[in-house]
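Just so you know, these numbers use all the heavy atoms, side chains as well, and skip hydrogens, waters and symmetry mates.
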Amino acid sequence: MCIRDSDGNYYDDDDDENEFDDEIDPQDIRFAQDSIAPVFSDGTTYRQAIYNIKCGVRYPVRVYEHPHLGLIAINNRTLYCYKEACVDTVPVIFTNQIRRKAFDTIFIRGGN
């Protein structure tokens, strides 16, 4: 399986070491924002990322586990791409850091 790191580099994941904390159904993860930008910081468009996911590239979704709201995506664009690619599970990395703006958006707009 081909993995893409946060710097945009691709590498083959043939070893037995798991680079992620878990694999989770993307429908179980909420968006922290109600919109996404069309381009990743490395210049990849979200449409290209969806295609890459369908071709086997795996991008980790960083999630925050809120005690009342459940799993919240920190990188919403990546989660969006997985949902659009119609995959069963996404690789996740749990974090205890959440941006205050994202947290406010969840409460004001309800997230998804």
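- Thr95 approaches Ile74 most closely through the heavy-atom pair CG2-CG1, 3.7 Å.
- When atom types are taken as modelled, the side chain of Asn75 and the backbone of Arg77 share no donor-acceptor pair closer than 3.5 angstrom.
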**Request:** For the pair Tyr59 and Asn52, evaluate side chain to side chain donor-acceptor pair (under 3.5 Å) and give the outcome as yes or no after the intermediate values.
**Result:** CA-CA 9 Å; Tyr59 305 91; Asn52 291 347; 2.8 Å; yes
**Request:** Might you work through the side chain to side chain contact (heavy atoms under 4.5 Å, CB included) test for Phe31 and Leu79, ending with a clear yes or no?
**Result:** CA-CA 8 Å; Phe31 292 105; Leu79 177 60; 3.8 Å; yes
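- A 4.5 Å side-chain heavy-atom check between Arg30 and Tyr64 finds every atom pair outside the cut-off.
- Using a 4.5 Å heavy-atom threshold, the side chains of Ile93 and Pro60 count as touching.
- Minimum heavy-atom separation, Thr89 to Glu23: OG1-OE1, 3.0 Å.
- Remark: Arg62 is not positioned above the aromatic ring of Phe94, lacking an NZ or CZ atom under 6.0 angstrom from the ring centre and at most 45 degrees off the axis.
- Atoms CD1 and SG, on Ile50 and Cys86 in that order, are 9.5 Å from each other to the nearest 0.5 Å.
- Here the CZ atom belonging to Arg47 is positioned 10.5 Å from the SG atom belonging to Cys81, to the nearest 0.5 angstrom.
- The heavy-atom pair separating Ala32 from Ala73 by the smallest distance is CB-O, 3.4 Å.
- For the pair Pro91/Tyr82, a side-chain contact is recorded, criterion being any heavy-atom separation below 4.5 Å from C-beta on.
- Between Leu71 and Ile24, the closest heavy-atom pair is CD1-CD1, 3.7 Å.
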**Request:** I would like to know whether Tyr46 and Tyr80 meet ring pair (Phe, Tyr, Trp, His ring centres under 6.0 Å); could you show each step before the answer?
**Result:** CA-CA 8 Å; Tyr46 75 91; Tyr80 174 83; 5.7 Å; yes
**Item:** Working for side chain to side chain contact (heavy atoms under 4.5 Å, CB included), residues Phe20 and Val90
**Value:** CA-CA 10 Å; Phe20 312 111; Val90 299; over 6 Å; no
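- For Lys83 against Pro26, the heavy-atom pair with the smallest separation is CE-O, 3.0 Å.
- The minimum heavy-atom distance between Ile29 and Ile72, with the atom names listed, is CG2-C, 4.2 Å.
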